[in-house]
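Keep in mind the model is a prediction, meaning the values are calculated, not measured.
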Amino acid sequence: MFPFVSLLFAPLALACTPNFSGRAVSVVDPTVNLEWQPSIVATNQFVKNGVPNAVGDWRFEFTGDADGSYWIKLDGVPANDLFLAQGFRSNFVVLTNGGSSPLSPQPAKWGVTCDWCAGGDATSFSGTYASDCQIDKLATNSCAARKQGETDSPVSFLGCDLPPQNSTWDFVFP
């Protein structure tokens, strides 16, 4: 007779970090199916949940640092110099070119951790590439989030411990 052995398996919370392969991607709020877009393409503009056009407005570029961080840039800007940053005297996300003034917000380094990432090469991928992703400003415990009940509001920096429906995003390639 064989002794009965019971093994309990707890589900593992696996996380992934997407590799966008230099492609422009849409950042989509999955609860309302709206994506990030700047108010206008210029410095010091709010970024808000906009329309579901999935054209790939953002470029997540590795900084090359050991922490695996990204610069988040607005795609389609010829000078490639509009970065995402935390706004001066506010917790709203704004665009900046990292001007030399001490009052200019400087480009932030961002971490991205997702619950699911597609496998394979991102260079020819189409559709949802990563989902349930948290986008955090490194070393601050502040994450990109939308305020509860506000679907068309500026993206804000709020605590990373918010409910997932307010602080997770999907990445979609056109």
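Of the residues listed (Phe171, Trp71, Trp110), the one engaging Phe60 in a ring-ring contact (aromatic ring centres under 6.0 Å, His included) is Phe171, and it is the only one.
The line from CG of Leu34 to CG of Asp29 is 6.5 Å long, rounded to the nearest 0.5 Å. A distance of 9.0 Å separates OG of Ser142 from CG of Asp136, quoted to the nearest 0.5 Å. Once rounded to the nearest 0.5 Å, the distance linking OG1 of Thr31 with CG of Asp170 reads 9.5 Å. Gln134 CD to Ser167 OG: the interatomic distance, rounded to the nearest 0.5 Å, is 5.0 Å. Rounded to the nearest 0.5 Å, atoms OG (Ser26) and CZ (Phe173) are 9.5 Å apart. Taken from CG in Leu74 to CH2 in Trp58, the straight-line distance is 5.0 Å, to the nearest 0.5 Å.
No side-chain donor-acceptor contact under 3.5 Å links Trp169 to the backbone of Trp36. The main-chain N or O of Ala130 is never found under 3.5 Å from a side-chain atom of Thr128 such that the two would form a donor-acceptor pair. Between the side chain of Asn19 and the main chain of Ser21, a donor-acceptor pair closer than 3.5 Å is present.
Cys117 pairs with Cys16 as a disulfide, the SG atoms being under 2.5 Å apart.
With contacts defined as side-chain heavy-atom distances shorter than 4.5 Å, the pair Asp57/Asp75 does not qualify. Contact of the Asp67 side chain with the Leu138 side chain is registered, since non-hydrogen atoms from C-beta on lie closer than 4.5 Å. Annotation: side chain of Pro18 is in contact with side chain of Cys114 (closest heavy-atom distance under 4.5 Å). Under the 4.5 Å side-chain criterion, counting only non-hydrogen atoms from C-beta, Lys109 is in contact with Thr63.
By the 30° and 60° cut-offs, the orientation of the rings of Phe62 relative to Tyr70 is parallel.
Of all heavy-atom pairs between Ile135 and Val112, the closest is CG1-CG2, 4.4 Å. The two atoms that bring Pro174 and Arg23 nearest to each other are O-NH2, 4.0 Å, heavy atoms only.
In this structure Phe125 satisfies the ring-ring contact (aromatic ring centres under 6.0 Å, His included) test together with Tyr129, sequence neighbours excluded.
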Begin from the C-alpha positions of Val27 and Glu35 and carry the test side chain to side chain contact (heavy atoms under 4.5 Å, CB included) through to its verdict.
CA-CA 5 Å; Val27 182; Glu35 74 174 271; 5.8 Å; no
